[in-house]
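Below is one structure, written out as structure tokens; the observations come after it.
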2 protein chains.
Amino acid sequence: MSSPQPFTRVNRESTAGLITRQLREAIMYGRLAPGAQLSEAALAAQFGVSRGPLREATQRLVQEGLVHAEPNRGLFVKELNDHEIKDLYAARIAIETAAGRSIIREQRQEAVTALRAAYEAMQTAAEKGDLEELSDADLHFHEVLVASAGSPRLHRMHQTLMVETRMCLTALQGTYRDPEDQVAEHRRIAEAIASADAEGMVEAVESHMQEALDRLSHSQGAAPKAKV
Amino acid sequence: MSSPQPFTRVNRESTAGLITRQLREAIMYGRLAPGAQLSEAALAAQFGVSRGPLREATQRLVQEGLVHAEPNRGLFVKELNDHEIKDLYAARIAIETAAGRSIIREQRQEAVTALRAAYEAMQTAAEKGDLEELSDADLHFHEVLVASAGSPRLHRMHQTLMVETRMCLTALQGTYRDPEDQVAEHRRIAEAIASADAEGMVEAVESHMQEALDRLSHSQGAAPKAKV
DNA sequence: AATCTGCAGATTGTCAACAATCCTGCAGCA
DNA sequence: TGCTGCAGGATTGTTGACAATCTGCAGATT
């Protein structure tokens, strides 16, 4: 009975917020495919709510850019064409290098620790031969990079970019690459940050993104209409 | 009768979209003050619609981060504290320098032309002694900078940052500075880009932002609770 | 006087119904 | 055969009503 405030403020998420999160995840992982139309009536029934809250949720996704609304014709999951993917990776470079610079400038040692842990998790997955876990750990590394910069805005902007990145990876499954190379690239980014080498960090991020982009382009070229 | 397609596709904006735009503008220019509660019934009546479309519009603003929703208690216009303003300017540096680098890398000559026109418009406003026009032209310069990079993602992210910037400037009216210095800083950015000097461009953007940030901080220090 | 409780009013959250719009298929005409 | 117009069905857009929640105030209790 001596603790001043044993409970914390309760904060229940709104219905629209709950729905938004689930829809975003479904989009990320391809359960709602690029180009697919979202039926309000069907989705509302699935969520067990009326169409009102469903519309509220989809408006959030519209603003986020993951869904586009065509008045009177419906809502469609965003599709990412070549130009979009290129722009996506360019935007990721901008955000991730800014985060890296911020970490270096502010000498955030705990960020280096977290980044090392992140690429070690990738190493573990690579040794297990678990490509899905490796892919998740790869994305997680990038999330750690930006989250570690401590900038709410960079973090927020990056989250949408990562949703889009996952959409690409989901749609273009099977883009194989050498796991050890994958791990090495991330180690290179983390160690450049650890040694306060901003130029090296930028170069490492850029070449990593370019490599990913090349792979995505080749994958699209090799499998015509490989999108779902 | 020889033109293959003389008309373009008609695209009417949705009710929610229309309302969102107007609310965003009211937030930008302080008509809806930071911290203010948005009353659904009152706003819907003003717009001449039911609460449904109004709620859709405000959900977009919630996702954009300009409004935060507290379930069962209402919607509130975002407030920007010191940390937020600092983060805002850091994010602007990230986006604007990325845009500048992209322009330089792709040797976009029309961007240089547009940037020069933008700072010349600032010069004109400075000579007229019209501080409001100068402020608008200043913000416009930054918009031109990012728009000229031709990256939809950078553009989109920057738009929200500029809304927030305008919010700051509106709330902290009267932050005086020397117009000629203001113009000179923008000329410096544009000319660094024109001469493909990426480092000079970054330095110019960074010092310009730091200067703006210092001014905002001093303004807040000098006028306690200067926030309307 | 200070604190607690209950209630009324205001506001937000959701629902179902109706209106508006679009798309598709079919019938009729040139 | 190809084009046009129309009807029907499906879906989206909006509204008003009711439910749920929160806040502030008045009255009762300590």
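The figures here come from the full heavy-atom set of this structure, side chains too, leaving out hydrogens, waters and symmetry mates. Order of the sequence lines sets the chain letters (A, B, ...), proteins ahead of strands, with each chain counted from 1.
- In terms of heavy-atom proximity, B:R153 sits nearest to A:L161 at CD-CD2, 3.8 Å.
- At C:dT12, one or more side-chain N or O atoms of B:Q37 fall inside 4.0 Å of OP1 or OP2 (strictly under the cut-off).
- Among the atoms of the strands shown, none is found under 4.0 Å from any heavy atom of B:L54.
- Between atom CD of residue A:Q59 and atom CD of residue B:E56 there is a gap of 4.5 Å, rounded to the nearest 0.5 Å.
- Formation of a donor-acceptor pair under 3.5 Å by the B:S102 side chain with backbone atoms of B:A98 is not found in this model.
- A donor-acceptor pair under 3.5 Å links the side-chain atoms of B:T170 to the main chain of B:M28, judged by distance alone.
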request  = Take B:T20 and B:R24, measure what side chain to side chain contact (heavy atoms under 4.5 Å, CB included) needs, and give me the verdict at the end.
outcome  = CA-CA 6 Å; B:T20 302; B:R24 186 184 288 119; 3.6 Å; yes
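- Side-chain N or O atoms of B:S135 include none that pairs as donor or acceptor with a backbone N or O of B:L131 at under 3.5 Å.
- A heavy atom lying under 4.0 Å from DNA chain C marks none of the residues of residues 56-67 of chain B.
- Qualifying side-chain hydrogen bond (donor to acceptor under 3.5 Å, both in side chains) partners for B:H208, counting only residues two or more places apart in sequence or in other chains: B:H142, B:E185, B:H186.
- Note that the CD1 atom of B:I27 and the CZ atom of B:R31 stand 10.0 Å from one another [nearest 0.5 Å].
- Computed from coordinates, the B:L75 CG to C:dT12 C1' distance equals 9 Å when rounded to whole Å.
- Salt bridge annotation for B:E143-B:R166: present, with a cationic side-chain nitrogen under 4.0 angstrom from a carboxylate oxygen.
- Mapping heavy-atom proximity under 4.0 Å, the span of DNA chain D touched by chain B runs 5' to 3' from D:dT14 to D:dT23.
- By the 4.5 Å heavy-atom criterion applied to side chains, A:L88 and A:C168 are counted as neighbours.
- Counting only residues at least two apart or in different chains, ring-ring contact (aromatic ring centres under 6.0 Å, His included) contacts with residues 19-76 of chain A comprise A:H68-A:F76.
- A donor-acceptor pair under 3.5 Å links the side-chain atoms of A:T58 to the main chain of A:R55, judged by distance alone.
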key: Nucleic acid footprint by protein, nucleotides 15-21 of chain C - heavy-atom cut-off 4.0 Å, B for base, S for sugar-phosphate alone   = B-B---S
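- We find that B:R116 and B:E120 are not joined by a salt bridge, their nearest charged nitrogen and carboxylate oxygen being 4.0 Å or further apart.
- Consecutive Watson-Crick or G-U pairs involving DNA chain C, each under 3.5 Å on both distances, make up stems of three or more pairs at C:1-30 with D:1-30.
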